[in-house]
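Following: one structure in structure tokens, then a few remarks.
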Amino acid sequence: MTTKQTGQAGNTGQAEQAEHAGQAEQAGHAEQAEHAGQAERPAETGRPERTRLTVAVLGPGGVGGLLAALLSRSGHRVVCLAREDTAATLRTHGIQVRSRQFGDFTAAVEADTELREPVDACLVTVKHTGLDDALTRVPPGALGDALLVPFLNGVEHPATLRARYRPDLVAPAVIRVEATRTAPGVFEHDSPFTEIDLASGTAPRPRLDALAAALSDAGPTARVVEDETAALWAKMAFLAPLALLTTRYGLPLGDVRTRHDEELRSLVAETAAVSRACGAPADPAAAMARYAAFPAGMKSSMQRDAEAGRPLELDAIGGALLRAADRHGVPVPVATRLVGELRESGH
């Protein structure tokens, strides 16, 4: 369904970065904003024209801002939802993107502080620490029968969303990308890849296929996968060791590999054991190979949040890992110690 919508809004002032198996992060420098009227549209490709979607983006931080800009540039109607100051910036200047993969461009978007009419899909791209407050911008009645697609870290958020909205329309997503919001409406995309898995055992497959096609046409590589549990735990199995160790020691990945190799290997093994206990496949050797392939200076978003004094997704990542381990009786001594030390340090 395509709907009319008033201008909509951006996210919090926090830089937001997504991580997954194969995902890196770096902060960048902001550029001066351009006028939304300079938004670019892709050249004709000769491919059959697809249905124009109306997509709401709740929290246009690093991930949300990039996806909003790409979808808008591809010809879809995009409505960003956030605080009034961010919404005003987006309405006036649009979204400015500097991207290694997609080039530099400006895309016009609508913006508002609340979803006020139905859309085809709502992408939830806030951090877990801001989820409860952000969801007040998406009343269940206004969402209607839209797909609700969360791009959050952790494995517990789908249950939270299904308790609040139509459970059959919640379709969790996993993204592999390195994107940072450097200022309201200004984003840097540093990775040469943007890969998305859409997964749900409940959402209608034709609608997921249509959304995946829209995302792929906009630039990212998007696909629909059958196993939601496997998709979410594949992300967790890579993210948890990276986030916990880089944040605990305040070191980039390269130093973690060289100075805390034994802990890294133990934590990867523990996380893989919990993943398997939850019914998802896990390959510790593959995880270690991915870490070895990443730049030595790579930092996790949790580490960057700690450096900036922002709230950490410690409970959504480390806490969720410990709760799953406890439910299945899987011993995780290294994870338990690291989470405890981070909590004792005030996080």
Under the salt bridge (Lys or Arg N to Asp or Glu O under 4.0 Å) test, which residues partner R265, sequence neighbours left out? D261
With sequence neighbours left out, what residues match E226 under side-chain hydrogen bond (donor to acceptor under 3.5 Å, both in side chains)? R205
Just wondering, do L338 and L267 contact through their side chains at under 4.5 Å, heavy atoms? yes
Using every non-hydrogen atom in the two residues, find where H76 and T51 come nearest and quote the distance to one decimal. CE1-O, 3.4 Å
ring-ring contact (aromatic ring centres under 6.0 Å, His included) with Y165: which residues, sequence neighbours excluded? none
Output side-chain donor-acceptor pairs under 3.5 Å for residues 318-326, partner residues at least two apart or in another chain, one line each.
from	atom 1	to	atom 2	distance (Å)
R323	NE	E156	OE2	2.9
R323	NH1	D315	OD1	2.9
R323	NH2	E156	OE1	2.8
R323	NH2	D315	O	3.3
R323	NH2	D315	OD2	3.2

Just one of L66, V177, T194, L71 clears the side chain to side chain contact (heavy atoms under 4.5 Å, CB included) bar with P220, so which one? T194
Minimal non-hydrogen separation, E228 against P158, with atom names: OE2-CB, 3.9 Å
Quick one: side-chain hydrogen bond (donor to acceptor under 3.5 Å, both in side chains) partners of T258, sequence neighbours excluded? none
Report the residues that fulfil salt bridge (Lys or Arg N to Asp or Glu O under 4.0 Å) with D168, sequence neighbours left out, ordered by chain and then residue number. R166
Please name all residues satisfying side-chain contact (heavy atoms from CB on, under 4.5 Å) with A269, sequence neighbours left out, ordered by chain then number. none
Check salt bridge (Lys or Arg N to Asp or Glu O under 4.0 Å) between R337 and all other residues, then give those that pass, not counting sequence neighbours. E263, E341
Please name the pair of heavy atoms, one in A171 and one in P150, separated by the smallest distance, quoted to 0.1 Å. O-CD, 3.5 Å
For S99, enumerate each residue passing the side-chain hydrogen bond (donor to acceptor under 3.5 Å, both in side chains) test, keeping only those at least two apart in sequence or located in another chain. H189
Decide yes or no on salt bridge (Lys or Arg N to Asp or Glu O under 4.0 Å) for K235 and D197, but give the supporting numbers first. CA-CA 10 Å; K235 177 178 181 177; D197 292 341; over 6 Å; no
Yes or no on salt bridge (Lys or Arg N to Asp or Glu O under 4.0 Å) for R91 and E84, after CA distance, side-chain angles and deciding distance? CA-CA 10 Å; R91 284 193 295 265; E84 178 53 43; 2.7 Å; yes
Distance in Å, R164 CZ paired with L131 CG, rounded so as to fall on 0.5 Å steps: 8.0 Å
Which residues pass the salt bridge (Lys or Arg N to Asp or Glu O under 4.0 Å) test with D255, not counting sequence neighbours? none
Taking the side chain as everything from C-beta on, heavy atoms only, tell me whether R310 gets closer than 4.5 Å to T129. no
Report the C-alpha distance between L67 and I196 in whole Å, list the side-chain angles of each, state the deciding distance to 0.1 Å, and finish with yes or no for side-chain contact (heavy atoms from CB on, under 4.5 Å). CA-CA 11 Å; L67 296 181; I196 298 170; 4.0 Å; yes
Which atom of E270 lies closest to which atom of V334, heavy atoms considered: OE2-N, 2.9 Å
Would you say the side chain of W233 lies within less than 4.5 Å of the side chain of V274, judging by non-hydrogen atoms? yes
Residues P284 and A272: closest non-hydrogen pair is CG-CB, 3.6 Å
Give me each pair satisfying salt bridge (Lys or Arg N to Asp or Glu O under 4.0 Å) with a member in residues 58-72, each pair once, sequence neighbours excluded. none
Taken in chain and number order and not counting sequence neighbours, the residues that satisfy ring-ring contact (aromatic ring centres under 6.0 Å, His included) with H260 are Y249
Hey, could you give me the CG/CG distance between L169 and L148, rounded to the nearest 0.5 Å? 8.5 Å
In short, V124 meets L152 closest at the heavy-atom pair O-CD1, 3.4 Å
